[in-house]
Amino acid sequence: MADEQGGPSLNPTLDDWLHAREETRRHLRSAVTPVDAAWVQRLSDLLETERSWQDQYTDLIALGIQDGRFPPSNR
C-alpha cells in the first residue's frame with residue numbers, strides 16, 4: 001500500500017520497529033546480568049537488518065531528489 005504522496009507505506013515498517021523497541025525495553029527491564037547471549041544475538045541481527053533497510057531506503061529516496069543525494073540530517 002502506498003502513502004498519499006505515491007511512495008511506499010512506512011506504517012508496517014514503523015509499527016514493527018516500534019514493537020521491537022518496546023520488546024527490547026521490556027527485556028532489559030527484566031533481564032539479569034549478564035544478558036542472555038541468544039537475545040543479544042537477536043538484537044544484533046535486528047539492528048543490522050534495520051541499518052540495511054535504512055541504507056536501501058535512503059538510496060531509493062535519493063533517486064527522486066534532483067542531485068541524487070539524500071540530504072544530511074539536521075540533527
Side-chain angles (χ1 to χ4, degrees):
M1 171 183 258
D3 69 12
E4 292 177 11
Q5 297 188 14
S9 175
L10 296 179
N11 286 338
T13 300
L14 180 59
D15 289 345
D16 287 346
W17 183 74
L18 292 173
H19 176 74
R21 286 185 60 159
E22 184 54 36
E23 183 180 289
T24 299
R25 277 192 201 107
R26 281 194 312 270
H27 184 79
L28 290 175
R29 274 189 235 124
S30 65
V32 293
T33 305
V35 177
D36 181 297
W39 181 85
V40 172
Q41 183 62 56
R42 281 183 54 217
L43 180 59
S44 176
D45 294 344
L46 174 69
L47 293 173
E48 186 57 36
T49 299
E50 180 180 341
R51 186 176 302 115
S52 173
W53 177 84
Q54 288 173 343
D55 290 345
Q56 290 174 44
Y57 196 74
T58 299
D59 289 344
L60 287 173
I61 291 172
L63 291 175
I65 297 175
Q66 189 171 14
D67 67 359
R69 293 184 2 212
F70 193 72
S73 173
N74 289 327
R75 292 182 152 193

Undergrad: List the residues meeting side-chain hydrogen bond (donor to acceptor under 3.5 Å, both in side chains) with R51, not counting sequence neighbours, and say none if there are none.
TA: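 Residues passing side-chain hydrogen bond (donor to acceptor under 3.5 Å, both in side chains) with R51: E48.
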Undergrad: Suppose we screen for side-chain hydrogen bond (donor to acceptor under 3.5 Å, both in side chains). Which residues come up paired with R25, at least two apart in sequence or across chains?
TA: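 R25: side-chain hydrogen bond (donor to acceptor under 3.5 Å, both in side chains) contacts with E22.
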Undergrad: Tabulate below the donor-acceptor pairs under 3.5 Å that side-chain atoms of residues 37-45 make, not counting sequence neighbours, or state none.
TA:
residue, atom, partner, partner atom, Å
Q41, NE2, D45, OD1, 2.8
R42, NH2, E23, OE2, 2.9

Undergrad: To the nearest 0.5 angstrom, please state how far the CG atom of L47 sits from the CD atom of Q54.
TA: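 Here the interatomic distance stands at 9.5 Å.
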